[in-house]
Amino acid sequence: MSGAGTRLGVGTHFRLDGETVEVVEIFALPTGMEVLLKDGRDRLQRMSVRELMTSGRAQVIPNRTGPVADDPGDLATVMLATLSKAEKAEVLERASHVREMLFGYRSGTPELPGADEPRPQYSPDLPLARRYAAKASELGIGVRTLERWAMRYHADGEAGLVLQKGSSRTDGLGRADPRWVETALEVMAEYTEESQPSVKIVIERVRIRLEARFGADVVKVPKRTTAYRWMEELERRQPTFRLSTKRNRDIASRPGGVYGKLRPTRPGEYLLMDTTRLDVFALDPGTLQWMQAELTVAMDWYTRCITGIRVTPVSTKAVDAAAVLFQTYRPQPIGPSWPEGAAWPDHGIPRTVLVDKAAVDGPLAAAAGPAMVPETLVVDHGKIFLSEHLLSVCRRLGISVQPARLRTGRDKGPIERFFKTLREDLLQVLPGYKGPDIHTRGVNPEKDAFLFHHELEAMIREWVAVDYHRRPHGGLLDPHLPKFPLSPVKMFEHGIARAGYIEVPRDSNLAYEFLEINWRTIQHYGIEIDSRRYNGDALDICRDVTSSHGGRAKGRWPICTDPDDVTRAYFRDPVEHRWHTLWWEHAPDLKMPLSDEALKFARQLAAKRYTYPNDKLAVGLLLERWSLGLGNSLSERRMALRLSREQLGEGLPGAETEPSVATLPSVSRILSLPKEPAMDEAVQCATDTEASDDDDIDLEDLNEELGFYATALKDVDD
């Protein structure tokens, strides 16, 4: 007799803690049943039956046959669940024939007889052999087949009567030779870094390799239709034919086994930083040319809040990455046109209860959000993120830098998903959108490049603060309330309530350490950086004094500069160790920041037109050029595009803009511009252009201006 159970009594054997023991006596006590066990060395041990059966230390050794969990084949429930209605009806009909043959009734019991049951040839009084013969004659099959049906029915019930089809393989490849499967996967893997092949050439390469490895006609080669069907099955393991080659490489790089990831427990624990090329063209305000734009962002992993944003033309440099991290310490101010309540949420987690109130309510009162002190910075292996300057500053400020694995974008999955959300929700409704790849690119998206880089950055900042931070995020949840939708702002509030309070920089001036260092001597007129002279009262104690620094900087003083604004520099005096601002001598002529690249371009313009140009003249020419290039009306920008030999083309797609994006003040201002300039504006602009000889000179020199960013890619990490 077989069954799922075994009797527990004297003589029953168990595997206990790795040793075989035998039950030699059973006791019935008021506290429960106990057994006396004896091992192979005749040592006795007393144990309760409850502990023996539930502790996990013992496993019974059955003394009769029966089902076990590791039996080969599918479970009965699995076999029945895979049947169609017709197949299930066939199995039930076969089971009724077996029961009638064994018991005389199709139901299997005399308590539920059918019409005219039992039939004479299946009477329970007849010998079993005669009933087998009668059923074989009725169904037209052999007696041996009926005996197998009866044996399977006794073992597994109706599930035992399911006809087994095909091979016992579990991978859907039927009777495929394992050597053929292994070789096919090997050949398909070789095309991971190559161009996409056809199925025919892969099958042929498999055949040639099998003959070279095992000999001719040793491994059976499948027919053409069978080989194609097997290749379709192997495509699931090693994508080669159906998807794009880029997607196939991404799938091939997936790690084996269970996916793992960092699990932040509080805001500020992990800060992600990454750079991506935006899928929209933008105009550079200096050269008035459309150019690729790159976006560098910093994201708090726990809350998914964006703490730093920077849009750069052509490529991103190490100083740009430092500037994004600089924003986590010194957040950007709120835009003047932002709606009420669009300020960024607080970031960070404190390590002390003592928080400097002035650091929050004082200089940061007008900022988009309080400063943040990240604990760990997660970046890739690009040179811009692993520069000596950035790593040294992070070490001094107590920030751990954790590089992601090579070519493993999923290590920074949240920030990669943010880039996709940005493209789908904002970038694709802006003029100059070119799509994520060559297959989705328009005919000529460059002609619609209308936004300047600083405008594009302002739109992204506003969209993040107004929309992204306040929209429920699918990757944010509280395990105790899995159905409650959480936005980055709410998740930040949840993190603060969970962790206690926020951490702010102990000194906001620490942010200056992220800036670029220039070693210069201090003269009577101040200091000079790239032909720019800076001065200030803080230099009085160091004028014409040799510094104590040695090595490559011997005799010189460290001066910090921000490449986005060369109108000022920063000096830390050696006595009080306080930071001071030094102003450029031509800064009063400017009413806005001037980047280092813009000044270099202005000097190129001045050098082409004047024999002895100076910075004041160069800035004047640049401002004159910007007076047209930075115009707010469509007619002014159309003239700027004419200077760069570009045409605006059709009007902006304001009607197709999504409501959530069109309602942003910066976007609505751009999209509200008229499709065509007014007649008087167009005539006036045309008259001004035709009357100016300077514009003709600019057009002649335009080809030389195109090479302004020719060396911008020198810092890009291939």
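Reckoned from all heavy atoms, side chains included, excluding hydrogens, waters and symmetry mates. Fair warning: this is a prediction, and the values are worked out from it, not measured in the lab.
- No donor-acceptor pair closer than 3.5 Å links the side chain of Gln196 to the backbone N or O of Ser244.
- We find that Arg213 and Glu186 are joined by a salt bridge, their nearest charged nitrogen and carboxylate oxygen being less than 4.0 Å apart.
- Here the straight-line distance linking atom CG of Leu210 with atom CG of Asp217 works out to 11.5 Å at 0.5 Å rounding.
- The pair Arg229-Glu232 does not meet the salt-bridge criterion, since no charged nitrogen lies less than 4.0 angstrom from a carboxylate oxygen.
- Atom CH2 in Trp301 sits 10.5 Å away from atom CE in Met299 (nearest 0.5 Å).
- Applying the ring pair (Phe, Tyr, Trp, His ring centres under 6.0 Å) test to pairs two or more places apart or on separate chains, none has a residue in residues 205-228.
- In this structure, the separation between CD on Glu457 and OG1 on Thr296 is 9.5 Å, given to the nearest 0.5 Å.
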Chi angles and distances behind the side-chain contact (heavy atoms from CB on, under 4.5 Å) call for Thr275, Thr312: CA-CA 10 Å; Thr275 297; Thr312 55; over 6 Å; no

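- Side chains of Arg179 and Thr183: a donor-acceptor N/O pair is absent below 3.5 angstrom, by distance only.
- Side-chain contact check for Leu386 versus Leu391: some heavy-atom pair is nearer than 4.5 Å.
- A pairwise comparison of heavy atoms in Gln238 and Thr192 identifies NE2-OG1, 3.5 Å as the closest pair.
- For the side chain to side chain contact (heavy atoms under 4.5 Å, CB included) test, residues two or more places apart in sequence or in another chain that qualify with Ile517 are Trp519, Pro558, Cys560.
- Here the side chains of Ile460 and Ile306 are not in contact, with every heavy-atom distance at 4.5 Å or above.
- Scanning all heavy atoms of the two residues, the minimum distance from Thr316 to Ile384 falls at O-CG2, 3.4 Å.
- Contact of the Leu234 side chain with the Thr240 side chain is not registered, since no non-hydrogen atoms from C-beta on lie closer than 4.5 Å.
- Two residues are said to be in side-chain contact when any heavy atoms from C-beta on lie closer than 4.5 Å; Thr421 and Trp463 meet this criterion.
- The CG atom of Leu486 sits 11.0 Å away from the OG1 atom of Thr303 when rounded to the nearest 0.5 Å.
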Determine whether Arg237 and Met188 satisfy the following criterion, side-chain contact (heavy atoms from CB on, under 4.5 Å), listing intermediate values before the conclusion. CA-CA 10 Å; Arg237 306 188 201 175; Met188 294 169 70; over 6 Å; no

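- At a threshold of 4.5 Å between non-hydrogen side-chain atoms, the residues His469 and Val464 count as touching.
- With sequence neighbours left out, the ring pair (Phe, Tyr, Trp, His ring centres under 6.0 Å) criterion links Phe241 to no other residue.
- Contact annotation: the side chain of Lys412 never approaches that of Tyr270 to less than 4.5 Å [non-hydrogen atoms, C-beta and beyond].
- Across Arg310 and Ala323, no two heavy atoms sit closer than the pair NH1-CB, 3.6 Å.
- When all heavy atoms of Pro488 and Arg471 are compared, the pair lying nearest together is CD-O, 3.4 Å.
- With a 4.5 Å cut-off on side-chain heavy atoms, Tyr468 and Asp425 do not count as touching.
- When every heavy atom of Leu243 is checked against every heavy atom of Glu235, the shortest pair comes out as N-OE2, 4.3 Å.
- Salt-bridge annotation for Lys200 and Glu204: absent, with no side-chain N of the basic residue lying under 4.0 Å from a carboxylate O of the acidic one.
- Listed here is the closest heavy atom pair of Thr245 and Ser195: CG2-C, 4.4 Å.
- To the nearest 0.5 angstrom, Gln402 atom CD is 13.5 Å from Leu271 atom CG.
- With contacts defined as side-chain heavy-atom distances shorter than 4.5 Å, the pair Asp274/Thr276 does not qualify.
- Between Trp180 and Trp230, the ring-plane angle classifies as perpendicular under the 30° and 60° cut-offs.
- A distance of 3.5 Å separates NE2 of His494 from CG of Asp478, quoted to the nearest 0.5 Å.
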